[in-house]
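On a predicted model such as this, the values are computed, not experimentally measured, just so you know. The sequence lines fix the lettering, A, B, ..., with proteins before strands; numbering per chain opens at 1. Heavy-atom basis, side chains included; hydrogens, waters and symmetry copies ignored.
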Amino acid sequence: MARDEEKQDQGGTVVTNNSSGDRTPEIDLYKKGDITKMMSAAGGGRLQPMRGFDEDYTDIVDYIVRCTHKIWDEGGMGLLYTHYAHSCVVHTPYGITYGREEMLTDSIRTLSAFPDRHSFADEVIWAGDEEAGFHTSHRVVHLARNTGHSVYGPPTGRKIQHLGIANCFVKENMIHEEWLVRDALAGVRQLGLDENEVVDRMLEADERNGVQPGYGPSERTEGQTLPPPNPEKTGDGFDVEWFVRRSLNEVWNWRLFNKITDDYVPNYLCHTSSDRTIYGLGDFKAYVVAFIAAFPDARLNVDHLYWIGNERDGYRVATRWTLIGTHDGPSVYGTPTGKPVNVMGITHHLVKNERFVKEWTVFDELALLKQLRG
Amino acid sequence: MLRKASAGMDARPVLEPTGEIDRLVGQAPPPELPTKDTDGFDIEDFVRRSIHDVWNRRMFGKIPDYYAPNYRCHGASDRELYGLGDFVQDVLARIAMFPDATMHVDDLYWNDDGDGRYRTAVLWTMLGTHNGPGVYGKPTGRRVKVMGITQHRVRDGKFVEEWTEYSEFSLIKQLLLPLEDEMPPANPPEEPNGWRGA
């Protein structure tokens, strides 16, 4: 079956939601209200065409929030059979999971370890339509108590709270492809576990199963030439997609950290892994610079980008990215190991008045640690 | 194929797993039970459907539809569960430990006590492969077959109480009893498998 192919420059292949157009403004999580309101609105008719979706879903945001609630909070794990394609592909920082049964096994394992797990929907950024399929970027806060056995061992009884973002490609009620990142290191620390021990056990398991690690060199600069050029700006007026791509390229690939002052508001708020909150450009610049110092040849690729919103309310942008580099510099990750790393991440930005106002970034620092210790 | 256990242990043959547990056909979802042909409450359909939905189709969200909120479960090995929080966790933990678990109803009969009250007896078999974490320690990869009997009380269309018996000791033997060296288990434990009772 055909899957949506992401190209480096998305161009016109993704339909974006713009409330100044003729799209229904209620297809926005912020306008939905309490979960009880969403539940009583269920089955009340479609707000947008959604061929093949279950009748009770009113729109794609409703689908994402309420199917998550049905599957996780209400325990309807068997609903994976009607919400995930049999051959679904799930990308995680630990590798790719193929097929619905694997997804089901992993999900039941998590729910068994955290039976009271609640996943609060903080945000749903989306694009697409019933013809091309929908792309959704769903940011959740997971709240759970570890009262069951997990892959880490016997129940700790501790409470954990951490972010996760899941990007899904959905067609006719079925998720065909997913990119799932969780702030796993925050979870492991909150459980009171030793992260190095946890990583070492993962590496032992990998060795037993014959999993091969390793990545090639970063391609930030071709031989001895320059970092990749900025994308071309087309048209007049503010283009939020161009703005985000250009800024990320300039700051992260061209190392023009001074651009942060131009592109970000002074009281910038950044929620990032693991469980960090960074306020203000002093701390934010330090965070960016520290990353590049740790991985001096780092290159940030934007793999997929879509947004909702408008000039007046601001734009909410979902960016899936990969950072590849070599661990050659000092940092919180300890003595440089020289290991190549591949960091998969998703960021939600709020862009208003042509500046970044806040962000939520999720990448898996435990998976990163695993690449460094492997 | 049956193999003898090592010398020194009770030399009963230990079942060796062959083939996949047939809960699913290939990559298709688990089949649904055919819809019942009678109107009104049908105790046999109720028992079979609830077991199939919860255990085979993994529809844990349906447990409140089939079980009373103050459900009392007198489980094997002296487990006493009260309420659906306890009960759901028990079901979840078992399926997490045996991700391919399938439940077969081998025999079912009941007493109709009138006024929507029934007493049922189910002889069931659970098949599964020990591939997930849980009270039995690190996953061993061993195939288990558990035979059990559950007696339920049903009232006003819901289960209100149950008494379940199966040999948990037999289950643990299947996880730990060594097979002959010729065919080692899929995921041999490197250290003695520590089991802590629930």
Side-chain angles (χ1 to χ4, degrees), chain A residues 1 66-89 97-117 144-157 173-174 198 201 204-205 207-210, chain B residues 20-21 23-32 52-65 67 83-101 128-139 141 186-191 194-198:
Chain A
M1 86 197 57
R66 282 200 307 107
C67 86
T68 303
H69 195 269
K70 286 184 199 181
I71 289 170
W72 285 97
D73 296 67
E74 296 173 36
M77 282 282 149
L79 290 171
L80 258 74
Y81 289 113
T82 51
H83 288 71
Y84 275 80
H86 73 286
S87 57
C88 66
V89 178
T97 306
Y98 289 99
R100 181 168 55 198
E101 278 305 309
E102 277 300 305
M103 187 68 177
L104 193 52
T105 299
D106 288 347
S107 302
I108 292 177
R109 193 169 291 179
T110 302
L111 189 58
S112 168
F114 304 97
D116 69 349
R117 188 189 206 236
R145 197 178 282 278
N146 178 217
T147 54
H149 285 253
S150 70
V151 292
Y152 304 122
T156 61
N173 213 64
M174 294 269 197
V198 169
R201 269 192 276 136
E204 278 164 27
E207 209 181 306
R208 274 203 303 277
N209 295 328
Chain B
E20 193 189 6
I21 290 173
R23 181 174 70 97
L24 314 165
V25 179
Q27 298 169 31
E32 295 197 37
H52 186 70
D53 272 358
V54 171
W55 286 94
N56 294 334
R57 293 182 63 221
R58 319 302 200 219
M59 300 288 275
F60 313 123
K62 286 199 151 194
I63 287 175
D65 297 337
Y67 294 80
L84 295 184
D86 279 358
F87 185 70
V88 172
Q89 180 155 4
D90 193 62
V91 174
L92 264 175
R94 220 162 289 284
I95 297 187
M97 275 190 277
F98 305 100
D100 57 355
T129 316
H130 186 219
N131 275 333
V135 291
Y136 304 129
K138 254 174 66 170
N187 301 310
E190 289 102 74
E191 69 235 340
W195 172 68
R196 278 187 210 86

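- Judged by distance alone, the side chain of B:Asp65 and the main-chain N or O of B:Tyr67 form no donor-acceptor pair under 3.5 Å.
- Checking side-chain atoms of A:Ser112 against main-chain N and O of A:Arg109 turns up no donor-acceptor pair under 3.5 Å.
- The side chain to side chain donor-acceptor pair (under 3.5 Å) contacts involving residues 68-80 of chain A comprise A:Asp56-A:Lys70, A:Tyr57-A:Lys70, A:His69-A:Glu74, A:Asp73-A:His118, where partners must be two or more places apart or lie in separate chains.
- Of the possible polar contacts, none joining the B:Asn131 side chain to the B:Pro139 backbone as a donor-acceptor pair under 3.5 Å is found.
- Side chain of B:Asp100 to main chain of B:Arg23: no donor-acceptor pair is present (N/O by atom type, distance under 3.5 Å, no hydrogens or angles).
- Classification of the B:Tyr136-B:His130 ring pair by plane angle, with boundaries at 30° and 60°, yields perpendicular.
- Listed for the B:His52 side chain is a donor-acceptor partner under 3.5 Å among the backbone atoms of B:Pro31.
- With hydrogens and angles disregarded, no donor-acceptor distance shorter than 3.5 Å links the side chain of B:Arg57 to the backbone of B:Val54.
- Heavy atoms of B:Leu24 lying under 4.5 Å from chain A belong exclusively to its side chain.
- Contact of A:Ser107 with chain B is not made at all, since no heavy-atom distance falls under 4.5 Å.
- Contacts with chain B (heavy atom to heavy atom, under 4.5 Å) involve these residues of residues 97-105 of chain A, listed by number: A:Arg100, A:Glu101, A:Leu104, A:Thr105.
- Interface summary for chain A: among B:Ala28, B:Gly85, B:Ala96, the most heavy-atom pairs under 4.5 angstrom belong to B:Ala96.
- In terms of heavy-atom pairs under 4.5 angstrom with chain A, the leader among B:Leu92, B:Asp53, B:Ile95 is B:Leu92.
- Interface remark: B:Pro64 contributes no atoms to any contact with chain A (heavy atom separation under 4.5 Å).
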